[in-house]
Amino acid sequence: MTDAPQPPLKPILRISFSGQDRLGRGKMELLEHIQETGSISAAGRAMDMSYRRAWLLISELNHMFREPVVESQRGGQKGGGAALTPFGEELLRRFRGMETTLRTAIADDLNWLEVNRNPADTAAPKKA
C-alpha cells in the first residue's frame with residue numbers, strides 16, 4: 001500500500017467584521033476575476049457561481065467599507081461591465097499582502113505541524 005502525498009498545510013486568512021460580515025479568500029478571488037474579465041457574471045462563472053450570488057457578494061463588499069469596492073455599469077451601447085475602484089484595487093493588494101505576511105510569520109510553526117502530521121491523515125472528511 002502506497003501513501004499518496006499529502007497536500008501541504010495551508011493557513012487561510014478570514015477577517016470577521018461586526019455582525020455577519022467576513023472578508024476572505026473567496027471574495028478576494030471574485031475581485032481578481034472581475035479585475036481580469038471586467039464582468040461580474042464572467043467572474044461568477046469562473047468560480048462556478050451564479051450571477052446573483054456573485055452580485056450579492058459584491059454588494060456585501062460595497063457595504064462593508066466607506067468607499068465602494070466595485071462599480072458596475074448597466075448594459076447599453078458599450079455593454080455592461082464592472083471594475084474595481086481604486087479602493088477595491090488597494091483592498092485586494094493589501095489582503096494578498098496580509099496573506100503573505102501570515103504565511104511568513106507562521107512558516108516555522110507550519111513546518112513543525114507538517115513534520116508532526118499523521119501520515120495517515122487524508123483530505124477525506126472525518127466522521128464525528
Side-chain angles (χ1 to χ4, degrees):
M1 180 176 183
T2 60
D3 291 327
Q6 296 174 303
L9 297 174
K10 180 180 176 182
I12 296 172
L13 176 63
R14 184 176 77 192
I15 300 169
S16 295
F17 286 58
S18 60
Q20 300 277 330
D21 293 334
R22 290 186 181 87
L23 189 62
R25 63 189 179 139
K27 287 177 181 157
M28 294 300 106
E29 183 180 346
L30 184 60
L31 292 181
E32 286 172 332
H33 286 297
I34 290 170
Q35 194 173 47
E36 293 166 7
T37 65
S39 165
I40 294 172
S41 59
R45 280 192 303 274
M47 295 180 68
D48 198 28
M49 72 172 65
S50 69
Y51 171 79
R52 177 170 164 64
R53 177 71 180 138
W55 188 87
L56 288 172
L57 291 172
I58 296 306
S59 181
E60 283 178 28
L61 280 168
N62 281 340
H63 286 96
M64 288 170 66
F65 298 99
R66 293 179 182 175
E67 297 183 44
V69 176
V70 174
E71 291 179 335
S72 60
Q73 293 180 323
R74 290 186 161 267
Q77 278 186 322
K78 296 181 181 180
L84 301 188
T85 63
F87 177 81
E89 291 175 355
E90 181 72 4
L91 172 65
L92 180 58
R93 186 189 68 74
R94 285 180 178 265
F95 189 88
R96 293 304 186 207
M98 286 187 271
E99 288 179 317
T100 299
T101 300
L102 171 65
R103 284 190 301 272
T104 301
I106 65 172
D108 288 341
D109 294 318
L110 278 178
N111 288 334
W112 182 86
L113 289 171
E114 196 69 62
V115 166
N116 290 288
R117 185 178 185 180
N118 184 346
D121 183 34
T122 63
K126 309 280 185 201
K127 291 187 178 181

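Position 1 is the first residue of the sequence; numbering continues from there.
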Novice: What closest approach, in Å, do Ser72 and Ile40 show between heavy atoms, and which atom pair accounts for it?
Specialist: CB-CD1, 4.3 Å

Novice: Say whether, by atom type as modelled, one donor and one acceptor occur between the side chain of Ser59 and the main chain of Trp55 under 3.5 angstrom.
Specialist: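 Such a contact is absent between Ser59 side chain and Trp55 backbone.
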
Novice: Apply the test side-chain contact (heavy atoms from CB on, under 4.5 Å) to residues Leu23 and Phe65: give CA-CA distance (whole Å), side-chain angles for both, the deciding distance (0.1 Å), then the verdict.
Specialist: CA-CA 11 Å; Leu23 189 62; Phe65 298 99; 4.1 Å; yes

Novice: Rounded to the nearest 0.5 Å, how far apart are CD1 of Ile34 and CD of Glu71?
Specialist: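 Between Ile34 CD1 and Glu71 CD, I get 12.0 Å after rounding to 0.5 Å.
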
Novice: What closest approach, in Å, do Ala43 and His33 show between heavy atoms, and which atom pair accounts for it?
Specialist: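 That would be CB-CB, 3.5 Å.
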
Novice: Identify the two heavy atoms, one from Ala54 and one from Gly44, that lie closest to each other, and give their separation to 0.1 Å.
Specialist: CB-CA, 4.0 Å

Novice: Quick check: do Ile15 and Met98 have side-chain heavy atoms less than 4.5 Å from each other?
Specialist: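 Sidechains of Met98 and Ile15: in contact.
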
Novice: Tell me whether Asp21 contacts the main-chain N or O of Glu60 through its side chain, where contact means a donor paired with an acceptor under 3.5 Å.
Specialist: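 No.
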
Novice: In Å and rounded to the nearest 0.5 Å, what is the CZ to CG distance from Phe87 to Leu92?
Specialist: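 Between atom CZ of Phe87 and atom CG of Leu92 there are 11.5 Å.
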
Novice: Between CE of Met28 and CZ of Arg93, what distance do you get to the nearest 0.5 Å?
Specialist: 13.0 Å

Novice: When you measure from the side chain of Glu114 to the backbone of Leu9, do you find a donor-acceptor pair of N or O atoms at a distance under 3.5 Å?
Specialist: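 Side chain of Glu114 to backbone of Leu9, a donor-acceptor pair under 3.5 Å: yes, one is there.
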
Novice: I'd like to know whether CG of Asn116 has more than 12 heavy-atom contacts from other residues, nucleotides or ligands below 6.0 angstrom.
Specialist: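 Atom CG in Asn116 is packed in, count exceeds 12.
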
Novice: Do NZ/NE/NH1/NH2 and the carboxylate oxygens of Glu32 and Arg96 come within less than 4.0 Å?
Specialist: yes

Novice: Among Leu31, Leu56, Leu30, Val70, whose side chain to side chain contact (heavy atoms under 4.5 Å, CB included) with Leu61 holds?
Specialist: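 So, applying the side chain to side chain contact (heavy atoms under 4.5 Å, CB included) to Leu61 and each of Leu31, Leu56, Leu30, Val70, only Leu31 qualifies.
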
Novice: Would you check if there is a donor-acceptor pair between the side chains of Thr37 and Ser39 at a distance under 3.5 Å?
Specialist: no

Novice: Take Leu57 and Met49 through the test side-chain contact (heavy atoms from CB on, under 4.5 Å) and record every step on the way to the result.
Specialist: CA-CA 11 Å; Leu57 291 172; Met49 72 172 65; 3.9 Å; yes

Novice: Please give me the minimum heavy-atom distance between Leu110 and Pro11, naming the atom from each residue.
Specialist: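 That would be CD1-CD, 3.6 Å.
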
Novice: Is there side-chain contact between Glu90 and Glu67, with at least one heavy-atom pair below 4.5 Å?
Specialist: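 Contact flag for Glu90/Glu67 side chains = no.
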
Novice: Using the side-chain contact (heavy atoms from CB on, under 4.5 Å) rule, take Arg25 and Glu99 through it: C-alpha gap first, then chi angles, then the decisive distance, then the call.
Specialist: CA-CA 9 Å; Arg25 63 189 179 139; Glu99 288 179 317; 4.1 Å; yes

Novice: From Ile106 CD1 over to Asn111 CG, what is the distance, rounded to the nearest 0.5 angstrom?
Specialist: 10.0 Å

Novice: How far apart are the closest heavy atoms of Gly26 and Met47, and which atoms are they?
Specialist: O-CE, 3.5 Å

